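Before any comments, here is the structure.
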Amino acid sequence: MKKTLLSIAALLTVLSFAGCKKASNEGKFVLGLDASFPPMGYTEADGEITGYDIDLAKEVAKRLNLEFVAKPINWEAKEMELSSGSIDCIWNGFTITEERLNAMSFTKPYLNNDQVLVVRADSGIESLKDAAGKIVGCQSGSSAEDAINDNADFAASLGKLVFYEENLTALTDLEVGGVDAVVMDSVVANYTIATGKKNLKVVNEALAKEAYGIGFRKDEKGAKLRDDVQKTLEEMSADGTVAQISLKWFGSDISVIGK
C-alpha cells in the first residue's frame, strides 16, 4: 500500500509539473484571436489561419526563435484566456482602450482604424443620424460595442441593438435584411466588402477613431515579451518587411509602426 501511495504521489507530481509547463508556453509564441476577422486573422476554407496580423506575428516569432501558435478563442473571454496563461498575447485587430490598458500591457499602435456603420448599398442610409430607429448589429465584447455605448446620442437613437459572436455572421444577417446596419472596424469592413463583392457600403462618417495594439499580461514576463515584440516590429518596419506584408493585404503600406 505504501509503495502504491508513493507511486500515485509521484504521478501527481509529474502531471502537475507537466500542466505548469504547458501553461508557461515555453519556447512558443501563442497568439489568441477571433479566427473570423479578415484580413487581420481568419480561417481559410482549408482550415489554415491566415491574415495580416498572422503574417506579422509569424515573422516576429521566427526572429525571436519561438514556435508560432495561432489559438482561436471566444472573444468575450479574451481577458480570461490571457490572464490564465493559455495564450501569450491578444493580436487580432485589438483596439487600445483605457479599460483594456488597465487590464493588460500594450505595445505601441501598429495600425489605425475607425468604427464605422456598414449598410446595404441601396439602404438610403448615408449618415449616423439616418440609423435612427433602425436595427443595428455589432460583435459582442468588441470595441464596436464600446463605440456605440460611448456615443450616447447615437445609442439612444437606435431602434434595437443586436449582438453577434462574429462580424462575418453580422454581415451575412445584414445582407439578408436581418438588421439594417452593422457597426464594425473599417479595416475589416472595407476588406470584406471588396473581396467578397458584397452589395454593402461603409457610411462615410466614423463613429469612433482608434488604434490597434497587441495586448500582453501585466507581469514581468508579459512586459518582457511585449518589449521584445515591439523591438522586433520596429526592426521589421526599418528593413521593409512590414511594408511588404501591408502591401500584400492592403495594396499599400498603412502601418504606423515607427512612424
Side-chain angles (χ1 to χ4, degrees), residues 25 27-73 75 78 87-96 105-116 142-143 166-168 171 184-198 202 206 209-216 222 224-259:
N25 298 326
K28 296 181 180 180
F29 183 55
V30 184
L31 179 152
L33 78 159
D34 164 14
S36 58
F37 201 64
M40 312 311 290
Y42 64 100
T43 306
E44 294 271 27
D46 61 2
E48 180 184 358
I49 295 176
T50 188
Y52 176 72
D53 285 346
I54 300 301
D55 281 356
L56 286 177
K58 281 182 176 179
E59 181 63 22
V60 167
K62 178 182 176 181
R63 296 189 184 202
L64 292 177
N65 198 29
L66 295 171
E67 177 189 349
F68 174 77
V69 179
K71 183 177 180 180
I73 58 174
W75 198 244
K78 55 189 175 294
I87 59 175
D88 294 314
C89 70
I90 302 171
W91 190 345
N92 189 212
F94 193 37
T95 300
I96 303 171
S105 179
F106 272 88
T107 60
K108 296 176 183 178
Y110 66 92
L111 206 64
N112 289 327
N113 179 60
D114 295 328
Q115 287 300 326
V116 295
S142 67
S143 54
E166 302 171 350
N167 281 295
L168 296 184
L171 288 179
M184 62 186 297
D185 299 57
S186 62
V187 171
V188 179
N190 289 318
Y191 179 85
T192 304
I193 292 171
T195 58
K197 303 189 185 306
K198 296 181 181 296
V202 174
K209 292 187 176 297
E210 58 188 32
Y212 289 157
I214 309 159
F216 296 82
K224 167 97 170 42
L225 185 57
R226 176 205 61 200
D227 292 346
D228 287 345
V229 169
Q230 180 66 47
K231 182 174 181 291
T232 305
L233 283 173
E234 290 175 4
E235 291 171 352
M236 288 166 54
S237 178
D239 67 24
T241 303
V242 171
Q244 290 176 2
I245 294 173
S246 185
L247 183 64
K248 169 185 172 181
W249 289 99
F250 302 111
S252 62
D253 182 11
I254 63 173
S255 166
V256 297
I257 300 170
K259 299 177 183 177

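Counting from 1, the numbers follow the sequence of the chain as shown. Not measured: the values here are computed from a predicted model.
A donor-acceptor pair shorter than 3.5 Å cannot be found between the side chains of Arg63 and Thr232.
A distance-only check finds no donor-acceptor pair linking the side chain of Asp185 to the backbone of Val187 [under 3.5 Å]. A distance-only check finds a donor-acceptor pair linking the side chain of Ser237 to the backbone of Ile257 [under 3.5 Å].
Using a 30° and 60° split on the angle between ring planes, Tyr110 and Tyr212 fall in the tilted class, from 30° to 60°. Below 30°, between 30° and 60°, or above 60°: for Trp75 and Phe94 the angle between ring planes is above 60°, a perpendicular geometry.
Within the 4.5 Å cutoff, no side-chain heavy atoms of Phe68 are placed close to those of Val60. Within the 4.5 Å cutoff, the side chain of Leu111 has no heavy atoms near those of the Ser246 side chain. In this structure the side chain of Asp53 never reaches within 4.5 angstrom of the side chain of Phe37, judged on heavy atoms. Residues Val202 and Ile193 form a side-chain contact, since some pair of their non-hydrogen atoms from C-beta on lies under 4.5 Å apart.
Around NZ of Lys197, the count of heavy atoms belonging to other residues, nucleotides or ligands within 6.0 Å does not exceed 12. Counting non-hydrogen atoms of other residues, nucleotides and ligands closer than 6.0 Å to NZ of Lys198 gives a total above 12.
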Test side-chain contact (heavy atoms from CB on, under 4.5 Å) on Leu66 and Lys28 and set out the steps.
-> CA-CA 5 Å; Leu66 295 171; Lys28 296 181 180 180; over 6 Å; no
Starting from the C-alpha separation in whole Å, work towards a yes-or-no answer on side-chain hydrogen bond (donor to acceptor under 3.5 Å, both in side chains) for Ser255 and Asp253.
-> CA-CA 6 Å; Ser255 166; Asp253 182 11; 4.5 Å; no
Could you walk me through whether Val116 and Asn190 pass the side-chain contact (heavy atoms from CB on, under 4.5 Å) check?
-> CA-CA 10 Å; Val116 295; Asn190 289 318; over 6 Å; no
Is there a side-chain contact (heavy atoms from CB on, under 4.5 Å) between Val229 and Leu64 once you walk through the steps?
-> CA-CA 8 Å; Val229 169; Leu64 292 177; 4.2 Å; yes
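In summary, Asp227 and Lys231 do not engage in a salt bridge, as defined by a charged side-chain N under 4.0 Å from a carboxylate O.
With respect to Phe106, the side chain to side chain contact (heavy atoms under 4.5 Å, CB included) criterion is satisfied by exactly one of Ile214, Ile96, Ile90: Ile96.
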Do any side-chain atoms of residues 40-51 form donor-acceptor pairs under 3.5 angstrom with protein atoms, and if so which ones, sequence neighbours left out?
residue, atom, partner, partner atom, Å
Thr43, OG1, Ala35, O, 3.2
Asp46, OD1, Glu48, N, 3.0

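The shortest non-hydrogen separation linking Asn92 to Gly32 is CB-O, 4.3 Å.
Distance CD/Glu210 to CG/Asn113: 4.5 Å, rounded to 0.5 Å.
Residues satisfying the side-chain hydrogen bond (donor to acceptor under 3.5 Å, both in side chains) criterion with Asn65, sequence neighbours excluded, are absent altogether.
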